[in-house]
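First up is the structure itself, then whatever we jot down about it.
Per chain, numbering begins at 1; letters A, B, ... match sequence-line order.
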Number of protein chains: 2
Amino acid sequence: MAPTETNKKTKYHHGDLRQALIASATNMVESEGVNGLSLRKLAEKVNVSRTAAYHHFKDKHDLLCAIAAQGFAQWQAMAEVISKDDSLSSREKFKQFFLKYIQFAINNAAIYELMFGHQLWQSEGDNSALKDVSYPCFQYQVEMTRLWQQQGIFPSSENPTRLAQVTWATMHGLAKLYIDGIYTQSSTIEDMCDTAINLLVINKPAN
Amino acid sequence: MAPTETNKKTKYHHGDLRQALIASATNMVESEGVNGLSLRKLAEKVNVSRTAAYHHFKDKHDLLCAIAAQGFAQWQAMAEVISKDDSLSSREKFKQFFLKYIQFAINNAAIYELMFGHQLWQSEGDNSALKDVSYPCFQYQVEMTRLWQQQGIFPSSENPTRLAQVTWATMHGLAKLYIDGIYTQSSTIEDMCDTAINLLVINKPAN
DNA sequence: AATAAATGTGGATATTACTCACATATTATT
DNA sequence: AATAATATGTGAGTAATATCCACATTTATT
């Protein structure tokens, strides 16, 4: 997309307002939190009228869903990198998976809140866009869990979906614990992860 | 309805407006979610002026903190009942603790969201009232964890605080998973809890 | 070129949290 | 008991917000 527009100073149409809105909104959410995002301030920042966004997103909820969906895509990409890294043993892959998840959540705290918060999931609005991207994301983790069971890292007696849910729950709980500062101080996050992994994983038999 | 208002003398002062506000606000949060609570509608419901609440709570945030604090007190009471029940073995106590926690979260979903959500914890406002009640609550769990370690339910090699953090994280993650309907269907909550407990606890040695 | 569709604009509305000046009830002090 | 201080109520008003509406301009389709 490089039409002859460079010489035009003020063009009526933006060019790619939708992407500009998502990008700028993501920034605002990251820097000021979810509640720091208002459509008016957003419009100001993108130099566009207050109501322009409504031609690209049904409402604020819809815009937030788009931001969260982007977050899921990012995490999915990271997970695939770990999964396909042949230099790692299965055991190391799980550990990396766990640690990178926490790291991702911490580095994108406000986006993470959006991805997994009640604001979008519990809303009555249409969050199918969110589910469409998050569900395969979780299914991917189920598949990895299945492999980990075969490698003896998790008990093969358990249902892989349940196992994936429990490991995700633990990761999610730790991430929230850290991000919101509940029951914890920031210095202990590594210890917490170590303890969690020790508990969840079947210990390698001493040989 | 339709009370004879002619002979009824409406008092200028309410009597115990603070408690009435907390109670009614709790109801509104439970039935319509956190975002369903507006101070105006609340004032209407309690039959009081829009601004009356500001004599009892600094702002909306302050009122929400009071609701959440009440939630912590309730859970603390439930935890103590389990802990002091002599008819339960230590192992059964942990299981009960885990299951009752999830049950509490599900039965009070909106309040639970308030208790552990970013809205109050991440805010810049004063949430010391919240921390004052939630911190002892967690310390209690640490003490119980210490005992469970002595009973061989958790590895004694781990730091009890870390263990309590990890078990709380798992419980919290499962509760959120269920409540928000992320990655899960409601029918599998019991299986998920079973799997979680199996993973976290040291298996009783076959005898 | 004509027309339709997409994408922009400013004006308007309803809801919201919150502030302010003031009214009335309760209590503490004399 | 009288009075002062304090607690607790009221209504008017403000600023911010999400969203709707009628209309303007640009782009795509025929």
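- For C:dA6, the OP1/OP2 oxygens have no side-chain nitrogen or oxygen of A:H56 closer than 4.0 Å.
- From B:M115, atom CE reaches atom CH2 of B:W121 across 9.5 Å, with rounding to the nearest 0.5 Å.
- Side-chain contact between A:Y140 and A:E80: present, with at least one pair of heavy atoms (C-beta onward) separated by less than 4.5 Å.
- Atom-to-atom, CG of B:L21 to C1' of D:dG9 comes out at 12 Å; the value is rounded to the nearest Å.
- Atoms OG and CG, on A:S123 and A:L64 in that order, are 9.5 Å from each other to the nearest 0.5 Å.
- For A:F57 and C:dG8, the CZ to C1' distance is 15 Å, given to the nearest whole Å.
- Near DNA chain C, defined here as any heavy-atom distance below 4.0 Å, there are no residues from residues 24-31 of chain B.
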Could you list, one pair per line, each protein nitrogen or oxygen that sits under 3.5 Å from a nitrogen or oxygen of nucleotides 16-19 of chain D, together with the distance?
unit_1: D:dA18; atom_1: OP1; unit_2: A:L39; atom_2: N; d: 3.4
unit_1: D:dA18; atom_1: OP1; unit_2: A:K60; atom_2: NZ; d: 2.9
unit_1: D:dA18; atom_1: OP2; unit_2: A:L39; atom_2: N; d: 3.0
unit_1: D:dA18; atom_1: N7; unit_2: A:R40; atom_2: NH1; d: 3.2
unit_1: D:dA18; atom_1: N6; unit_2: A:R40; atom_2: NH1; d: 3.1
unit_1: D:dT19; atom_1: OP2; unit_2: A:Y54; atom_2: OH; d: 3.1
unit_1: D:dT19; atom_1: OP2; unit_2: A:K60; atom_2: N; d: 3.0

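- What you find for A:L120 and A:A68 is that their closest heavy atoms are CD1-CB, 3.8 Å.
- When rounded to the nearest whole Å, the span between CG of B:N47 and P of D:dG9 equals 13 Å.
- Residue pairs meeting the salt bridge (charged side-chain N to carboxylate O under 4.0 Å, His left out) criterion with at least one member in residues 60-71 of chain A, sequence neighbours excluded, do not occur.
- The two residues B:C137 and B:W75 come nearest to each other via the heavy atoms SG-CD1, 3.7 Å.
- Summarising the geometry, the separation between CZ on A:R18 and P on C:dA6 is reported as 14 Å, rounded to the nearest angstrom.
- Between the P atom of D:dT27 and the CG atom of A:L17 lies a distance of 14 Å, rounded to the nearest Å.
- The separation between B:H55 atom NE2 and C:dA21 atom C1' is 11 Å, rounded to whole Å.
- To the nearest angstrom, C1' of C:dA6 lies 14 Å from CG of A:D16.
- From A:S187, atom OG reaches atom CE of A:M192 across 10.0 Å, with rounding to the nearest 0.5 Å.
- Summarising the geometry of B:Q149 relative to B:S156, their closest heavy-atom pair is NE2-CA, 3.7 Å, with the distance given to 0.1 Å.
- Around atom NZ of B:K41, more than 12 heavy atoms belonging to other residues, nucleotides or ligands sit under 6.0 Å away.
- The interatomic distance linking B:E44 (CD) with D:dG11 (P) rounds to 12 Å, in whole Å.
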